Engineer: 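Dropping a structure here in structure tokens format, bear with me for questions.
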Number of protein chains: 2
Amino acid sequence: MSEGGGKDTRERILRCAEELFGQRGYEAVVVADIAQACGVSTALIYYHYTDKESLLRALVERASAVFDVHTRTAVEGTGSARERLETFIESWVRSADEHESLLRILVRPLTDPGGPLSAELLEGIGRTVEDLAAVIAEGVEGGEFAPVDPGMAAECLLGLVNTRAAASVLSKLVPGEPVEPVRANADFIVQLFFRGTSA
Amino acid sequence: MSEGGGKDTRERILRCAEELFGQRGYEAVVVADIAQACGVSTALIYYHYTDKESLLRALVERASAVFDVHTRTAVEGTGSARERLETFIESWVRSADEHESLLRILVRPLTDPGGPLSAELLEGIGRTVEDLAAVIAEGVEGGEFAPVDPGMAAECLLGLVNTRAAASVLSKLVPGEPVEPVRANADFIVQLFFRGTSA
DNA sequence: CCCATGACTGAACGTTCAGTCAGTACACTG
DNA sequence: CAGTGTACTGACTGAACGTTCAGTCATGGG
């Protein structure tokens, strides 16, 4: 049967933890649940990871790697401020759709400060807001956008794309889904954010 | 010293639970923490409330009472769709500022389904989205708004105002605060949502 | 004065949790 | 085939948790 090596199991454990932490939150998940979800013993988890918290830490690193790219390219990329923000929205929403659990882990401290690793996570969120604010400020100074407060606009923009962390829950609540929900939602946010703002 | 009767203590316990549940989340709060926070014994909490969960239930009812008013008046009120949505945004944001912990308790199931009472809470959120969608649809049909998908617009609008559940955390992250943050934020959301949408 | 009642507590109970440990199975190497 | 290291498990532990309970204390009506 060749059960695959230890690296494979290590990854499987992390994936199960990702799903469970994302769905129920760190505190509500017990290590035995993770073990059962991927059909191994509790002890094996402690063979591969030192802590329950180290599992979370591994997931946070993975999540940061996925989502930080978008702000970096928005800041460093070429094109007008509006173009860069548009691609930011589209790629962020697409990532949110692919890795909803990871996004939930990232943004949880916003409504749940005080949990483990929340200090680091909030720092990361702060950097993201500042990066977005910088791009928006650039657009305002260049006369590309209406004169808004860049900080508040960035907060709202991030809040708007982070609403997608609840996408799977919301889709069960609101009956009529568009055919391509991800694209439709990204388009809607883009329009909402830019309609009428161009100078 | 007249320590006040039992009714008073009952209310104090609930207030402490509100703050702790709002800040750390239901699972992360242990009953002894609530007891310590209001200077009573753990047993007294079980004298006044049957369960840990019944504490949460009492808070959910309180939260629903605070926030459901705004959607009801938006649906039943007079004035144009836009006017009703504007007052909805303003009053919701103001309530969010006054009762941030209660709002967090209300919206937690969006990123944390599976917790206690989350089924009821999600039902309530679903109703709120539908109510908002109805008002938006009314505005679209009357030619007051651009032809958007009311469901998605409602989702985004609720997501936008619910970002205020993280207001106290965000304010520590983003340095430059406006003088009247609540008003400024409500105004910004209103402008964001309606700028250019009028027919 | 007595006792009933409501408000409250200290100390315990059973359970569940994160984390440990001794040991097994198996592949690979010499 | 002995020996070594990696992957893995069942059975366990101390601490922490939600919850209970016997009992204390103050108050107020008869």
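Being a predicted model, the structure only gives us computed values, none of them experimental. Chain letters run A, B, ... following the sequence lines, proteins first and then strands; every chain starts at 1. Just the heavy atoms: all of them, side chains too, but no hydrogens, waters or symmetry mates, feed the values below.
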Engineer: Which class fits the ring pair B:Trp92 and B:His70: parallel under 30°, tilted 30 to 60°, perpendicular over 60°?
Structural biologist: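 Answer is perpendicular, since the angle exceeds 60°.
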
Engineer: Between B:His99 and B:Phe67, how do the two ring planes meet: parallel, tilted or perpendicular, split at 30° and 60°?
Structural biologist: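 Plane angle over 60°, so perpendicular.
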
Engineer: How many whole angstroms separate atom OH of A:Tyr49 from atom C1' of D:dC8?
Structural biologist: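 Spelled out: OH on A:Tyr49 to C1' on D:dC8 is 15 Å.
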
Engineer: Mind calculating the distance between CD (A:Glu11) and P (D:dA7) to the nearest angstrom?
Structural biologist: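 Answer to the nearest Å: 15 Å.
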
Engineer: For the pair made of CG in B:Leu44 and C1' in D:dA22, what is the distance, rounded to whole Å?
Structural biologist: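 Atom CG in B:Leu44 sits about 16 Å away from atom C1' in D:dA22.
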
Engineer: Side chain of A:Ser41, heavy atoms from C-beta onward: which of D:dG18, C:dG19, D:dT9 has the nearest atom to it?
Structural biologist: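 Looking only at heavy atoms from C-beta outward on A:Ser41, the closest nucleotide is D:dT9.
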
Engineer: Looking just at side-chain N and O atoms, do B:Thr9 and B:His48 make a donor-acceptor pair shorter than 3.5 Å?
Structural biologist: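 Their side chains do not contain a donor-acceptor pair, so the 3.5 Å distance test is not met.
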
Engineer: Of the listed nucleotides (D:dC8, C:dC8, C:dA18), which one gets closest to any side-chain atom of A:Lys52?
Structural biologist: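 Of D:dC8, C:dC8, C:dA18, C:dA18 is nearest to the side chain of A:Lys52.
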
Engineer: If the cut-off is 4.0 Å, is A:Thr9 near the phosphate of D:dC8, judged by side-chain N/O to OP1 or OP2?
Structural biologist: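 For A:Thr9, the contact criterion (side-chain N or O under 4.0 Å from OP1 or OP2 of D:dC8) is met.
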
Engineer: Kindly confirm or rule out a cation-pi arrangement of B:Arg10 over B:Tyr49, judged by NZ or CZ under 6.0 Å from the six-membered ring centre and within 45° of its axis?
Structural biologist: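 Checked: cation-pi criterion met.
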
Engineer: Once you round it to whole Å, what is the distance between P of D:dA16 and CD of A:Glu27?
Structural biologist: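 So the two atoms are 15 Å apart, to the nearest Å.
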
Engineer: In this structure, how many angstroms lie between the P atom of D:dT19 and the NE2 atom of B:His48, rounded?
Structural biologist: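 About 16 Å, once rounded to whole Å.
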
Engineer: To the nearest angstrom, how far is B:Ile45 atom CD1 from C:dA7 atom P?
Structural biologist: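 Taking CD1 of B:Ile45 and P of C:dA7, I get 16 Å after rounding.
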
Engineer: Between C:dG19 and A:Tyr46, is there an OP1 or OP2 to side-chain N/O distance shorter than 4.0 Å?
Structural biologist: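 True: A:Tyr46 side-chain N/O within range (under 4.0 Å) of C:dG19 OP1/OP2.
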
Engineer: Can you figure out which of D:dC8, C:dT9, C:dT20 approaches the side chain of A:Tyr47 most closely?
Structural biologist: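 Of D:dC8, C:dT9, C:dT20, D:dC8 is nearest to the side chain of A:Tyr47.
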
Engineer: Specify the separation, in whole Å, of atom CD of B:Gln36 and atom C1' of C:dC8.
Structural biologist: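 Nearest whole value for this atom pair: 17 Å.
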
Engineer: Taking the nucleotide of DNA chain C with the nearest heavy atom to each, does A:Ala43 or B:Arg10 sit closer to the 5' end?
Structural biologist: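 Looking at the nearest nucleotide for each, B:Arg10 comes out on the 5' side.
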
